Amino acid sequence: DAGVTQSPTHLIKTRGQQVTLRCSPKSGHDTVSWYQQALGQGPQFIFQYYEEEERQRGNFPDRFSGHQFPNYSSELNVNALLLGDSALYLCASRMVSPDTQYFGPGTRLTVL
Amino acid sequence: QKEVEQNSGPLSVPEGAIASLNCTYSDRGSQSFFWYRQYSGKSPELIMFIYSNGDKEDGRFTAQLNKASQYVSLLIRDSQPSDSATYLCAVNPLKSGEGNMLTFGGGTRLMVKP
């Protein structure tokens, strides 16, 4: 049983560019959340997708957008990249019972 | 503002000792609480969750919750060098089934010395 998968593993972009990160949840999980983890800090919630709709959103600007596909996989898009967007981006899929979240390996984004 | 606070450490304990990690939270409406372990360069790994006041034990790990004091802790018995990692406390402010936006603390770095 595959766990949560994310691609790519690492990514280097320059300021102003756009990036798309991808996530596939665990089999049987239908809810995907995205988190940003800056170096030395805890993860910060970006948004959550369920039934192909954004259900909750954290304190992130509109430059951060997402999508969920019918197979429950998800994308995170970031436009007009800033140096401060450099971080580990984590995808988490939700198990309903018990209500828990499991993280993928993450995508390390570096913005130069 | 909803906050989760942890001592950043490092917390240093000798091998075989009990490590005690603490976390406080500000949102009294918080319903479920989680401890994640994160090795350097890796993603967080769920090790414990607790919903009710009291203690919950799983192997060498015990989670303790006191909602009145807005305090949750993690005890690691017989600490091993392999337990050396950053431990993240996370809080879900909503009841199960109503969404799962986790708010994380900054993490406590644990070092277990042989």
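Order of the sequence lines fixes the chain letters, A, B, ..., with proteins taken first and strands second; residue numbering starts at 1 for each chain. What you see is a predicted model; the values in this text were computed from it and never measured.
Under the 3.5 Å distance criterion, the side-chain polar atoms of A/R15 are left unmatched by any main-chain donor or acceptor of A/L82.
Scanning residues 65-75 of chain A against chain B with a 4.5 Å non-hydrogen threshold yields no residues.
For the pair A/I46 and A/Y89, the minimum side-chain heavy-atom distance is below 4.5 Å. Side-chain contact between B/Q38 and A/F103 is absent, with no heavy atoms from C-beta onward closer than 4.5 Å. With a 4.5 Å cut-off on side-chain heavy atoms, A/Q6 and A/L21 do not count as touching. When side chains are defined from C-beta on, B/R37 counts as touching B/D83, because their heavy atoms get closer than 4.5 Å.
The aromatic rings of B/Y51 and B/F34 sit perpendicular, their planes meeting at an angle over 60°, well past the 30° parallel limit.
Remark: B/K67 is not positioned above the aromatic ring of B/F33, lacking an NZ or CZ atom under 6.0 angstrom from the ring centre and at most 45 degrees off the axis.
If you tally non-hydrogen atom pairs under 4.5 Å between each of A/P105, A/G106, A/P43 and chain B, the highest count goes to A/P43. Interface summary for chain A: among B/P44, B/G41, B/C89, the most heavy-atom pairs under 4.5 angstrom belong to B/P44.
Heavy atoms closer than 4.5 Å to chain B are found in the side chain of A/Q37, but not in its backbone. For chain A, no part of B/E45 is nearby; none of its heavy atoms comes within less than 4.5 Å. The contact between A/Y35 and chain B is made entirely by side chain atoms (from C-beta outward), counting heavy-atom distances below 4.5 Å. If you measure heavy-atom distances from B/L46 to chain A, the contacts under 4.5 Å come from the side chain alone. For a residue to count as touching a neighbouring chain, one of its non-hydrogen atoms must lie under 4.5 Å from one of that chain's; by this rule A/S33 touches chain B with the side chain only. Of the two parts of A/Q41, only the backbone, made up of N, CA, C and O, holds a non-hydrogen atom closer than 4.5 Å to a non-hydrogen atom of chain B.
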Take B/Y39 and B/S84 through the side chain to side chain contact (heavy atoms under 4.5 Å, CB included) test and state the conclusion after the steps.
CA-CA 8 Å; B/Y39 293 111; B/S84 297; over 6 Å; no
Show, in sequence, the C-alpha distance, side-chain angles and deciding distance for A/F60 and A/F45, and conclude whether the ring-ring contact (aromatic ring centres under 6.0 Å, His included) test is met.
CA-CA 9 Å; A/F60 279 80; A/F45 176 78; 8.5 Å; no
Please report the C-alpha distance between A/Q18 and A/T20 in whole Å, then the side-chain angles of each, then the deciding distance to 0.1 Å, and finally whether the side-chain hydrogen bond (donor to acceptor under 3.5 Å, both in side chains) criterion is met.
CA-CA 7 Å; A/Q18 179 265 342; A/T20 297; 3.0 Å; yes
